[in-house]
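The block underneath contains the structure these notes are about, expressed in structure tokens.
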Amino acid sequence: MSLILIQFVLYFSIPLQENWSPYYENEQIKIEYTSSICGSKKLDLSFEYYLIRIINKADETLVINFHKGVQQNENEEYKVAFVLKPYEVRTGSCDYNPIDLKIFKQENPKKSSKSSRNFFTLKYKSS
């Protein structure tokens, strides 16, 4: 009985594998993205978002700043800034997070659609 319980807990605590596409990479940082459908089945609402994963490949702390979306002027409303510790990984999700690593793609999609887009400009520095 306890072995079955352990397997059940392990199965549901391991996140599902997602298909991440490369966006940008150098010797310090790696940025990937995927599309995900988020929403409420009860209310029959769904929205597709780009989820962003940022990986610090360096052994130093990085200060990450970027504006979501491609904009002529950098609107503070779309600015995201945070500190990424050495080898830390931050991943966007459908859930609320003050460091919002998701970008709206479309409303009520029939199914997830992959497309490569330029959806933010990145600025970062080592501390």
Side-chain angles (χ1 to χ4, degrees):
M1 176 66 175
S2 63
L3 180 59
I4 294 171
L5 181 61
I6 291 171
Q7 289 175 340
F8 179 79
V9 170
L10 286 176
Y11 176 79
F12 287 102
S13 64
I14 297 172
L16 296 174
Q17 195 72 348
E18 297 171 334
N19 295 323
W20 292 92
S21 299
Y23 184 78
Y24 175 83
E25 183 171 8
N26 65 19
E27 55 281 337
Q28 290 186 310
I29 196 166
K30 181 177 184 178
I31 301 171
E32 302 170 316
Y33 71 96
T34 190
S35 287
S36 183
I37 297 175
C38 308
S40 169
K41 290 182 181 180
K42 287 181 182 179
L43 300 175
D44 197 26
L45 292 174
S46 62
F47 303 93
E48 189 170 9
Y49 288 90
Y50 288 112
L51 302 182
I52 303 165
R53 176 165 56 192
I54 301 178
I55 302 162
N56 183 351
K57 297 170 36 178
D59 61 355
E60 54 191 291
T61 300
L62 301 176
V63 177
I64 308 295
N65 289 290
F66 67 89
H67 285 82
K68 297 191 292 185
V70 178
Q71 300 149 10
Q72 300 298 345
N73 56 2
E74 296 181 345
N75 186 336
E76 291 299 310
E77 179 181 353
Y78 300 106
K79 184 176 182 178
V80 177
F82 59 93
V83 172
L84 202 58
K85 295 178 183 173
Y87 305 108
E88 183 179 5
V89 177
R90 292 269 179 115
T91 304
S93 73
C94 291
D95 300 328
Y96 171 78
N97 191 322
I99 300 171
D100 191 23
L101 295 178
K102 70 177 179 278
I103 299 172
F104 179 77
K105 184 176 179 183
Q106 66 180 328
E107 188 174 341
N108 295 321
K110 299 294 179 203
K111 61 182 178 179
S112 180
S113 59
K114 283 279 194 184
S115 65
S116 178
R117 291 179 62 176
N118 241 357
F119 45 78
F120 67 84
T121 55
L122 171 74
K123 297 176 186 173
Y124 72 94
K125 64 178 180 177
S126 304
S127 61

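Note that CD of E32 and CD1 of I54 are 10.5 Å apart. Values are rounded to the nearest 0.5 Å. Rounding to the nearest 0.5 angstrom, the gap separating the CD1 atom in I52 from the CZ atom in R90 is 13.0 Å. A distance of 10.0 Å separates OH of Y23 from OH of Y50, quoted to the nearest 0.5 Å. Summarising the geometry, atom NZ belonging to K102 is positioned 8.0 Å from atom CG belonging to N97; distances are rounded to the nearest 0.5 Å. Here CD1 of I31 is found 7.0 Å from CD1 of I64. Values are rounded to the nearest 0.5 Å. To the nearest 0.5 Å, the span separating CG on L51 from OG1 on T91 amounts to 9.0 Å.
Follow the hydrophobic side-chain contacts under 4.5 Å out from I99 and you never reach I55; the two are in separate clusters. Note on Y24 and V89: separate hydrophobic clusters, where clusters join Ile, Leu, Val, Met, Phe, Trp and Tyr whose side-chain heavy atoms are under 4.5 Å apart, directly or indirectly. Under a hydrophobic-cluster definition in which Ile, Leu, Val, Met, Phe, Trp and Tyr are linked whenever side-chain heavy atoms come within less than 4.5 Å, directly or via other members, Y87 and V83 are assigned to different clusters.
A distance-only check finds no donor-acceptor pair linking the side chain of K105 to the backbone of S36 [under 3.5 Å]. Side-chain N or O atoms of N56 include one that pairs as donor or acceptor with a backbone N or O of K85 at under 3.5 Å.
The heavy-atom pair separating Y33 from P22 by the smallest distance is CE2-O, 3.7 Å. When every heavy atom of C38 is checked against every heavy atom of Y49, the shortest pair comes out as SG-CD1, 3.7 Å. Closest non-hydrogen pair, K79 versus H67, comes out as CB-NE2, 3.6 Å. Of all non-hydrogen atoms in W20 and R53, the two that sit nearest each other are CD1-NH2, 2.7 Å.
Counting heavy atoms from C-beta outward, S21 and T34 have side chains that stay 4.5 Å or more apart.
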